[in-house]
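We count residues from 1, following the sequence as given.
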Amino acid sequence: MADIAARKLPLAGRHGGSSTVRLTPAAPASRIALRAPTDSIGGLSQALGLQVPNRPKTSASANGRHALWLGPDEWLIIDENGADLVGLAAAAGVLHSATDVSHRNTAIIVSGPGAEATISGGCPQDLSLEAFPVGACSRTLLGKVEVVILRLDAETFRVEVWRSFSDYAFGFLSEAAEDAGL
């Protein structure tokens, strides 16, 4: 975690929102891009301490760790406590590929009653609570950039974005938050 905490956050000091939504840069986290065959899910779940989901648009969360389903054999694992996720996955002793992407990603927390409208200002994904319930996740677009969205609760989303696109994404969400606040 020391390396992650020491890393300069791309959105440090940024804030945004409106009367109905708040934009907050997420705290540092460790992340891995995980690829594995179906028969490795059990071992990886045990090693990571949460059930790695095997259905589209689903996630699992436990103790600050999130496993997001991105494809039939692909997940984004996020640990808000900075755990060595590559090491944990390696301890599973099953076939997989785990690439540390902590340096590549950052996240923006979008919260409040206008959160859904804010993200929908530039995202084609249906984010209504009925179509995108708590725990739902999806790789999609926000404006011109690829993001991964995780619904944390009825009014809170975690928007994962590559660091190199984080200024654009934060600016886009700031403008959309103003519109959502009208």
Side-chain angles (χ1 to χ4, degrees), residues 1-7 9 25-111 115-116 119 123-142 145-163 165-166 169:
M1 178 68 170
D3 177 50
I4 292 170
R7 186 178 302 129
L9 298 174
S30 55
R31 298 167 177 87
I32 58 171
L34 180 65
R35 303 292 301 255
T38 303
D39 58 356
S40 294
I41 292 175
L44 288 164
S45 295
Q46 185 173 10
L48 293 169
L50 75 169
Q51 181 59 49
V52 175
N54 61 2
R55 289 188 352 251
K57 211 169 81 172
T58 61
S59 70
S61 298
N63 303 316
R65 186 169 298 155
H66 310 282
L68 286 63
W69 187 95
L70 299 181
D73 66 348
E74 181 181 7
W75 299 266
L76 175 62
I77 312 297
I78 305 165
D79 189 282
E80 296 169 344
N81 301 307
D84 175 12
L85 295 171
V86 171
L88 290 173
V94 296
L95 181 64
H96 73 280
S97 168
T99 304
D100 189 328
V101 294
S102 304
H103 64 284
R104 180 189 76 188
N105 285 28
T106 193
I108 303 163
I109 306 300
V110 184
S111 59
E116 181 183 313
I119 298 170
C123 176
Q125 180 80 42
D126 181 355
L127 298 175
S128 67
L129 197 52
E130 297 77 28
F132 204 81
V134 174
C137 64
S138 178
R139 180 170 30 208
T140 186
L141 294 174
L142 177 71
V145 298
E146 180 181 295
V147 296
V148 175
I149 299 173
L150 169 63
R151 184 174 220 138
L152 298 171
D153 65 40
E155 295 184 348
T156 307
F157 297 85
R158 180 183 185 100
V159 179
E160 288 279 323
V161 62
W162 286 19
R163 290 172 64 97
F165 298 117
S166 62

Please report, to 0.1 Å, the donor-acceptor pairs under 3.5 Å made by any side chain of residues 92-101, with sequence neighbours excluded.
residue	atom	partner	partner atom	Å
H96	ND1	V94	O	2.8
D100	OD1	S102	N	2.8
D100	OD1	S102	OG	2.7

So do [Y] and [X] actually touch side chain to side chain, heavy atoms under 4.5 Å?
X    : Y    : result
K57  : L70  : no
V110 : T156 : no
D79  : I77  : no

Any residue meeting side chain to side chain donor-acceptor pair (under 3.5 Å) with [X], in chain and number order, not counting sequence neighbours:
X    : value
E74  : R139
S111 : none
N63  : none

Checklist outcome for this item: Heavy atoms of I119 and I149 approach each other most closely as CG2-CD1, 3.7 Å

Considering residues at least two apart in sequence or located in another chain, which fulfil the side-chain contact (heavy atoms from CB on, under 4.5 Å) criterion with [X]?
X    : answer
D39  : P37
T106 : P10, L11, V161, R163, S166
A107 : A26, R31, R158, E160
D73  : R35

Next on the checklist: Working to the nearest 0.5 angstrom, can you tell me the gap between L85 CG and L34 CG?
Outcome noted: 9.5 Å

Checklist entry - When rounded to the nearest 0.5 angstrom, what distance separates OG in S59 from CG in L68? => result 5.5 Å

Next on the checklist: Test your reading of the model: is there a side-chain donor-acceptor pair from N81 to the backbone of A83, 3.5 Å cut-off?
Outcome noted: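 Pair absent, no side-chain N/O of N81 close to backbone of A83.
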
Next on the checklist: My understanding is that only residues two or more places apart in sequence, or in another chain, count here; which of them pass salt bridge (Lys or Arg N to Asp or Glu O under 4.0 Å) with E116?
Outcome noted: R151

Next on the checklist: Exactly one of N105, I32, L150 should register a side-chain contact (heavy atoms from CB on, under 4.5 Å) with L76. Which one does?
Outcome noted: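 Exactly one pass, corresponding to N105.
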
Next on the checklist: Check this for me: E155, atom CD, are more than 12 non-hydrogen atoms of other residues, nucleotides or ligands nearer than 6.0 Å?
Outcome noted: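 More than 12 within 6.0 Å, yes.
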
Checklist entry - Got a sec, which pairs hit salt bridge (Lys or Arg N to Asp or Glu O under 4.0 Å) with one end in residues 85-95, sequence neighbours left out? => result none

Distance-only donor-acceptor pairs under 3.5 Å for side chains of residues 48-55, two or more places apart:
residue	atom	partner	partner atom	Å
Q51	NE2	S45	OG	3.4

Considering only distance and modelled atom types, tabulate donor-acceptor pairs under 3.5 Å from the side chains of residues 123-138, sequence neighbours left out.
residue	atom	partner	partner atom	Å
Q125	OE1	S138	OG	2.9
D126	OD1	S128	N	3.0
D126	OD1	S128	OG	3.0
S128	OG	A131	N	3.3

Checklist entry - Is it the case that H66 and S61 place a side-chain donor and acceptor less than 3.5 Å from each other? => result yes

